[in-house]
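A short worksheet on the structure shown next.
All values below were derived from every heavy atom in this structure, side-chain atoms included, with hydrogens, water molecules and symmetry-related copies excluded. We name chains A, B, ... by the order of the sequence lines, and we start the count at 1 in each one.
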Number of protein chains: 2
Amino acid sequence: MDKRPTINDVARISGVSKRTVSRVINGATNVGVATREKIQKVIDDLGFSPDKQARGLAASRSYLLGLIYDNPDALYIDQVQRGVLSVCSERGYELVVHPCNYDTENFIDNCVHFVKRSNIDGVIILPPVSESKKLAAALRDRNINYVRMASVDLDDHANIVVSDDRAALSDLARYLVSLGHRDIGIISGPKHYYSAIERLEGFCHTLKELGVDVAENRIIEGKNTYESGIECARSLLIQSPPPQVIFANNDEMAAGVLKVAHEMGVAVPESLSVAGFDDNLLATRVIPSLTTVQRPVVAMAALAAKKIIALIEHYQTEHQDTYLVKPHLIIRESTRKAQK
Amino acid sequence: MDKRPTINDVARISGVSKRTVSRVINGATNVGVATREKIQKVIDDLGFSPDKQARGLAASRSYLLGLIYDNPDALYIDQVQRGVLSVCSERGYELVVHPCNYDTENFIDNCVHFVKRSNIDGVIILPPVSESKKLAAALRDRNINYVRMASVDLDDHANIVVSDDRAALSDLARYLVSLGHRDIGIISGPKHYYSAIERLEGFCHTLKELGVDVAENRIIEGKNTYESGIECARSLLIQSPPPQVIFANNDEMAAGVLKVAHEMGVAVPESLSVAGFDDNLLATRVIPSLTTVQRPVVAMAALAAKKIIALIEHYQTEHQDTYLVKPHLIIRESTRKAQK
DNA sequence: TTGTAGGCGTTATCAC
DNA sequence: GTGATAACGCCTACAA
């Protein structure tokens, strides 16, 4: 590899000590204007940029951000990565990815070890892993910076970005009732996920307010997978009469509903309206396209990145306090007015 | 953060010099058995592991692998990441992701700079960026280790993993002809991508061998996007008569074909067979499910990771030579025998 | 087989 | 405002 210029080169050429160069690099205020300009010029001429490793070794920082997740939704991950990276590149950080197994017993040690062995400066944690109190506690105990992305306000606002799924589902409920539907089926997510509970409650609560009750046998707990969506849709659609609407906790399962409806000869949206959640790639590809809820994932991820950097660099910003973003309803072809 | 034990602690406690500890850490052979065991015990007791930054600074290595891509297919990226990471975790590396804009003029500088500023030990490059001769040349000039994933054998075998798309498309052609189809439409990928050319040629070549000619107006150049698939499908299906089969260069575009067929009242697979490429998530979700070609992406990525590490650590392995993997045909609902 | 000494490129301490 | 000098934790000639 070509030898890159070092701080020593800069110091020698500009005729000052490297301590002073260091001051300029780090934007310290106590440097004479003339000195600063002279040094800056040399830096520019040389194309010098500080070596991350040396810098990290001395300051015990790595300029590395970690992304911890156990989420089957690749599209979601991809959007998060893009959001985080847009901030990283501005601020001189890099992103190290770390998928893990939420289920395994040693997953907390695994994550901690990940951070330790590479001196990761801070981690962003995605749902559903982000819902783990144990992980958050373990990180906090070890003074590891983290920011969680979640659907519930379960941490200090400096450590979390939450999407208001409850409010979004409330909107969806209102919309469906406005179409004249009163018989609604639900395929929820796994009940041990806060996100699933939030969505379910937000949905049912508003329905109730509007005078619509959801019978118990119309709520089925799914696993957020396509296969599970198929299974649950089947047990919902063999009921007689079948519901007028099915809301599925994510688009994957909603796609499963479409599949089963097609098999059973149930026309969507003529005889059955279907809604999902995520605005996954699938939502537009599927026929009919899905009415769903879109989270501003890229923006949330960027916000999370700003927060983690604020934590690392110990400064206050307005980002510290803003933490709540609201997803919005996207109406497509899979929902329609109730038949008379 | 808790203070981690250092090599000095290990040396002091085991009563040897840190040079000897260093030898044990790095698996040097010239250490007395007794000494080695004694030191190893201390290492285990302390839970010591060498600091990556210090190590990197001294040895000018970072134990970081980079992943360079500009690919809209999040699913593909996700699979690659998992494949690479499975090897990384075994070998003590971490993965740093770097999406970039293939189109922009400074993308090469951007990538080089990415590697330099974090002292990335080596990069894995995904298609279509991997097809860039300029990038490869730039990396080689600067002695940056790289491995490309591609559809064509366009580099030293130590630097590439290629999927034999040509052979796979040959299989597809044979399969379609065996169903009795002779009138075939094609939505190719952008012609400036090798992958698109390989697939197109592999397909047409075998068709010709089987006595099937594809008329020029039956081949349309798409852009690998869903929208482009819709557009191209339309101009193919308004021809009279329309083709019996449409092969699209990827599943995204094939999904577009299904959409248009649905709009135009063309039954798939009864009146039109459709095939894609990738075995994207879409392939199974869509109705009817797609006949397509699956690349063993995770395995390819793992192989690429092994190759890049071999390059970094300068050793020969059998991985150096194996570089070609063959995708295989997956037959689903979207293709069917030609009607009499 | 083992140890000594110096260096990797930066930041931090504490004088001046 | 500026500059020696010592860390930071590890690796690598070179010596013994």
Side-chain angles (χ1 to χ4, degrees), chain A residues 1-40 42-43 46-64 92 116-119 121 312-314, chain B residues 1-40 42-43 46-64 92 116-119 121 312-314:
Chain A
M1 308 235 189
D2 310 351
K3 285 259 184 276
R4 296 193 317 168
T6 77
I7 197 174
N8 289 310
D9 299 324
V10 178
R12 183 169 34 77
I13 296 176
S14 25
V16 299
S17 77
K18 59 181 185 179
R19 181 69 186 91
T20 304
V21 177
S22 175
R23 288 196 177 94
V24 172
I25 294 171
N26 295 292
T29 52
N30 52 344
V31 179
V33 179
T35 319
R36 152 167 275 115
E37 281 174 357
K38 182 176 60 182
I39 295 174
Q40 189 59 54
V42 175
I43 289 178
L46 253 45
F48 165 83
S49 71
D51 180 287
K52 279 210 174 109
Q53 310 209 58
R55 208 180 203 193
L57 180 58
S60 54
R61 312 233 292 91
S62 64
Y63 295 87
L64 257 29
K116 292 291 187 187
R117 75 170 171 252
S118 295
N119 296 98
D121 289 339
I312 294 167
E313 301 183 353
H314 304 104
Chain B
M1 307 240 185
D2 310 350
K3 285 256 184 281
R4 296 194 319 169
T6 77
I7 196 175
N8 289 309
D9 299 324
V10 177
R12 183 168 35 76
I13 295 177
S14 30
V16 298
S17 77
K18 59 181 187 178
R19 180 67 184 93
T20 306
V21 177
S22 175
R23 288 198 176 93
V24 172
I25 295 170
N26 295 294
T29 51
N30 51 345
V31 179
V33 178
T35 321
R36 152 168 275 116
E37 280 174 358
K38 182 176 60 182
I39 295 175
Q40 188 59 53
V42 175
I43 289 177
L46 254 43
F48 164 83
S49 71
D51 181 288
K52 279 208 174 114
Q53 304 199 244
R55 204 182 208 193
L57 180 58
S60 56
R61 312 235 290 96
S62 64
Y63 295 88
L64 258 29
K116 291 291 186 186
R117 75 170 172 255
S118 294
N119 297 99
D121 289 339
I312 294 167
E313 302 182 352
H314 304 104

Indicate yes or no: at least one non-hydrogen side-chain atom of B/R117 is less than 4.5 angstrom from one of A/P50. no
Identify whether any heavy atom of B/S60 sits under 4.0 Å from a base atom; if not, whether one sits that close to sugar-phosphate; answer base, sugar-phosphate or nothing. nothing
Hey, does B/T20 reach any base, or is it just sugar-phosphate, or nothing, if we go heavy atoms under 4.0 Å? sugar-phosphate
Would you confirm whether B/D9, through its side chain, and B/T6, through its main-chain N or O, come within 3.5 Å as a donor-acceptor pair? yes
Using a cut-off of less than 4.0 Å, is there contact between a side-chain N or O of A/S17 and OP1 or OP2 of D/dG3? yes
Distances for protein N or O near nucleotides 13-15 of chain C N or O, under 3.5 Å:
| unit_1 | atom_1 | unit_2 | atom_2 | d |
| --- | --- | --- | --- | --- |
| C/dT13 | O4 | A/R19 | NE | 3.2 |

Closest approach of A/V10 and A/F48, non-hydrogen atoms and distance? CG2-CG, 3.8 Å
For B/N8 and D/dC10, is the shortest distance between a side-chain N/O and OP1 or OP2 below 4.0 Å? no
With rounding to the nearest 0.5 angstrom, report the CD1 to CD distance, A/I25 to A/Q40. 9.0 Å
Under 3.5 Å side-chain donor-acceptor pair for A/S14 and A/K38: no
Picking from C/dT11, D/dC10, D/dT2, the nucleotide nearest the side-chain atoms of A/R55 would be C/dT11
Once you apply a heavy-atom cut-off of 4.0 Å, does A/D51 come out as touching a base, just sugar-phosphate, or nothing? sugar-phosphate
Could you give the CG-to-P distance, from A/N30 to C/dC16, as a whole number of Å? 18 Å
To the nearest angstrom, the CZ-P distance between A/R36 and D/dG3 comes to 14 Å
Expressed in angstrom and rounded to an integer, what is the separation of A/I7 atom CD1 from D/dC8 atom C1'? 15 Å
Nearest to the side chain of B/A58, which nucleotide is it out of C/dT10, C/dT11, C/dG7? C/dG7
Send over the distance from B/I25 CD1 to D/dG9 C1', rounded to a whole Å. 10 Å
Send over the distance from B/L57 CG to D/dT12 P, rounded to a whole Å. 12 Å
Taking NZ from B/K38 and C1' from C/dT1, how many angstroms apart are they, rounded to a whole number? 12 Å
On DNA chain C, more 5' by nearest nucleotide between B/A54 and B/G32 is B/G32
Once you round it to whole Å, what is the distance between P of C/dT1 and CD of B/E37? 15 Å
Is there a side-chain contact between B/T35 and the phosphate of C/dT2, meaning an N or O under 4.0 Å from OP1 or OP2? yes
Beyond-backbone contact of A/R61 with A/N119, side-chain heavy atoms, under 4.5 angstrom: no
How many Å lie between NZ on A/K18 and P on C/dG7, as a whole number? 12 Å
Given side chains that start at C-beta, do those of A/D121 and A/I312 come closer than 4.5 Å, heavy atoms only? yes
Specify the residue among B/V16 and B/A59 whose closest nucleotide of DNA chain C lies further upstream toward the 5′ end. B/V16
Any B/N26 side-chain nitrogen or oxygen under 4.0 Å from OP1 or OP2 of D/dC11: yes
Look at the side chain of A/D51 and the backbone N and O of A/Q53, then say whether any donor-acceptor pair between them is shorter than 3.5 Å. yes
